[in-house]
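The chains referred to below are lettered A, B, ... by the order of the sequence lines, with proteins before strands, and numbering in each begins at 1.
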Amino acid sequence: MAMTSSGTAVVTLPTDTQILITREFDAPRHLVYRVWTTPELIKRWWGGERGDVTSAEVDLQVGGKWRYVMVAHGGFEVAFHGEYIEIVPNEKIVSTEVYEGAPDAAAVSTFTLTEVAGRTTMTLLVEHNDKANRDAHINSGMEVGMQESMDKLEHLAKSLRLG
Amino acid sequence: MARAATTADAFNAVAEPRRRQLLDLLATGERPVNDLVALLGLAQPQVSKHLRVLRQVGLVDVRDEGRQRMYRLNGDPLKPIHDWVKQYEQLWAERLGRLDEVLVELKDAEMNDTGLNDTS
């Protein structure tokens, strides 16, 4: 496989209640940490290609709250919030995470950064209290992405026709 | 009303850890049931029960070879699960791709800072 300057996001389901996201960055971890925790910077990446992040509140201290709001390209609003449980600067953040569309299904997410020779591996482990909620969490990502994937499908269909 | 079978599709079939173990074992090739019993360390009836569920959803195929029942993996029913997770992975690929772009800017800025004057 070709070596690229940065990695690709990999999602696995280690157990029935967990989601694990990993990715490598060609940057020291204090910078990854800064992008992950600074509201003005969060606004620039958290929406992916799916919408605009209209609000990112971060009270980065144990017991402090966070809340992100995105207006998806389809026009609807998606919001997540939670509370910080454990913070080790540049290394680890444990927090709760609630999708406001399904407020009963809180998850605990553990974000870690490890740096080797100037490159940083990020892991984000999302743990739900049962499988149904974990699955719903994965589905929520799917719903937001639905319009976009329809567009992609159309492109793909067109390119197949050309080829 | 009759309770819906909880193992009617591949999603439910692979929700059981032992069945995932069975699939992992079969991923390396076809195996007789006795092998699977030995490798899993479960009683034969339990292994047979799990294999039956996997057969029902089409995740394993079976054939007789002499007196042996040979099982092998059929990955096709796993595709919807793969696709399902892929969608979610795509969201994170987008997010972290963008995060990477911001990171490159910060790296450049930091380099310039240390080259000129420390503003932190």
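Dense packing is recorded around NZ of A/Lys131, with more than 12 heavy atoms of other residues, nucleotides or ligands lying under 6.0 Å away.
No donor-acceptor pair closer than 3.5 Å links the side chain of B/Arg95 to the backbone N or O of A/Gly48. A donor-acceptor contact shorter than 3.5 Å is absent between the side chain of B/Lys107 and the backbone of A/Leu31.
Grouping the Ile, Leu, Val, Met, Phe, Trp and Tyr side chains by contacts below 4.5 angstrom, directly or via other members, places A/Val71 apart from A/Phe76. Clustering ILVMFWY residues whenever any of their side-chain heavy atoms sit less than 4.5 angstrom apart, transitively, puts A/Val98 in a cluster other than the one holding A/Val108. Grouping the Ile, Leu, Val, Met, Phe, Trp and Tyr side chains by contacts below 4.5 angstrom, directly or via other members, places B/Leu42 with B/Leu23. Linking Ile, Leu, Val, Met, Phe, Trp and Tyr whenever their side-chain heavy atoms come within less than 4.5 Å puts A/Phe80 and A/Leu60 in one cluster. A continuous path of hydrophobic side-chain contacts links A/Tyr99 to A/Val58 [ILVMFWY only; heavy atoms under 4.5 Å].
Distance CG/A/Asp16 to CD/B/Glu16: 8.5 Å, rounded to 0.5 Å. The distance from the CG atom of A/Asn139 to the CD atom of B/Gln87 is 10.0 Å, given to the nearest 0.5 Å. Here B/Asp100 contributes atom CG and A/Asp26 contributes atom CG; the two are 8.0 Å apart, rounded to the nearest 0.5 Å.
For a residue to count as touching a neighbouring chain, one of its non-hydrogen atoms must lie under 4.5 Å from one of that chain's; by this rule A/Ile42 does not touch chain B. For a residue to count as touching a neighbouring chain, one of its non-hydrogen atoms must lie under 4.5 Å from one of that chain's; by this rule B/Glu105 touches chain A with the side chain only. Contacts between A/Ile21 and chain B at a heavy-atom distance below 4.5 Å involve the side chain alone, from C-beta outward.
When all heavy atoms of A/Phe25 and B/Leu96 are compared, the pair lying nearest together is CE2-O, 3.7 Å.
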### Task
Start with the C-alpha distance between A/Thr8 and B/Glu89, add both sets of side-chain angles, then the distance that settles side-chain contact (heavy atoms from CB on, under 4.5 Å), and finish with yes or no.
CA-CA 10 Å; A/Thr8 44; B/Glu89 188 171 81; over 6 Å; no
#### Entry: side-chain contact (heavy atoms from CB on, under 4.5 Å) evaluation trace for A/Arg23 with B/Leu99
CA-CA 11 Å; A/Arg23 207 225 203 240; B/Leu99 192 154; over 6 Å; no
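With contacts defined as side-chain heavy-atom distances shorter than 4.5 Å, the pair A/Arg50/B/Gln90 qualifies.
Ring orientation note: the planes of A/Trp45 and B/Trp92 are tilted relative to one another, at an angle of 30° to 60°.
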